[in-house]
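Taking it in order: structure first as structure tokens, then the write-up.
Just the heavy atoms: all of them, side chains too, but no hydrogens, waters or symmetry mates, feed the values below. Note that the structure is a prediction, hence the values are computed from the model and not measured.
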Amino acid sequence: MRRFPSIKDNCEFRQIYESGRTRADRNLVLYLCFRPAGDSRIGISASKKIGNSVVRHRVTRVLREIFRLHRHAFTSPCDLIFVVRKDGAKQDYRTLEASFLKLCRAQGILEEARC
């Protein structure tokens, strides 16, 4: 089984924060940096300000699952960092998924479904 494609190193987080593009809504903040090759990766930042460890890990698991289900629709490989806002910690799966997709579409990295 392959490892989940995630960003773990502090230096990679800092590089994306400094050089990446940003979009935000009331639930999430998205930092985006394109990669020359490889798979898309995700990093999630959930501060202690949003809640205890149970709340933070629940939001992290939900965002990882949303990424897993939608990463096939990305137009090019990229590194994504999602910063969870206080309102985002209180939301359910559907709301976080809508927020995730809205931010990805705003950055132009998500293919639109064709009927």
Would you check if the side chain of Q91 reaches a backbone N or O of D87 as a donor-acceptor pair within less than 3.5 Å?
-> yes
List, by chain and then residue number, the residues other than V29 in its hydrophobic cluster (Ile/Leu/Val/Met/Phe/Trp/Tyr, side-chain heavy atoms under 4.5 Å); write none if there are no others.
-> I7, F13, I16, Y17, Y31, I81, V83
Using the side-chain contact (heavy atoms from CB on, under 4.5 Å) rule, pick out the option among L28, L96, V62 that qualifies with V84.
-> L28
Whether over 12 other heavy atoms sit under 6.0 Å from R26 CZ = no
So how far is it from S99 OG to R23 CZ, rounded to the nearest 0.5 Å?
-> 13.0 Å
Check whether any side-chain N or O of D9 sits under 3.5 Å from a backbone N or O of C11 as a donor-acceptor pair, and report yes or no.
-> no
Would E111 and H72 count as having a side-chain donor-acceptor pair, cut-off 3.5 Å?
-> no
Distance (rounded to the nearest 0.5 Å) between R21 CZ and Q107 CD | 4.5 Å
Provide the closest heavy-atom pair for S40 versus F74 in the form atom of the first, atom of the second, distance.
-> OG-CD1, 3.6 Å
Scan residues 78-102 for pairs that pass ring-ring contact (aromatic ring centres under 6.0 Å, His included), counting only residues two or more places apart or in two chains.
-> F82-F100
Is R64 positioned over the aromatic face of F4, cation under 6.0 angstrom from the ring centre and no more than 45 degrees off axis?
-> yes
Any side-chain heavy atom of D79 sitting closer than 4.5 Å to one from R35?
-> yes
Heavy-atom pair of closest approach, residues K8 and E12 | N-OE1, 4.0 Å
Where L101 and L110 come nearest, the two heavy atoms and their spacing | CD2-CD2, 3.6 Å
Working for side-chain contact (heavy atoms from CB on, under 4.5 Å), residues R56 and I50 | CA-CA 7 Å; R56 294 192 312 268; I50 68 166; 3.9 Å; yes
In this structure, NZ of K90 is separated from CG of N27 (nearest 0.5 Å) by 10.5 Å
Of the non-hydrogen atoms in C33 and S19, which two are nearest, and what is the gap between them?
-> SG-OG, 4.1 Å
Can you find a heavy atom in the side chain of F34 that is under 4.5 Å from one in the side chain of P77?
-> no
Report yes if the side chains of L80 and L30 come closer than 4.5 Å at any heavy-atom pair, otherwise no.
-> yes
Which pair of heavy atoms, one from D92 and one from R58, lies closest together, and at what distance?
-> CA-NH2, 4.2 Å
E65 and E97, any side-chain heavy atoms less than 4.5 Å apart | no
Residues I109 and C78: closest non-hydrogen pair is CD1-SG, 4.1 Å
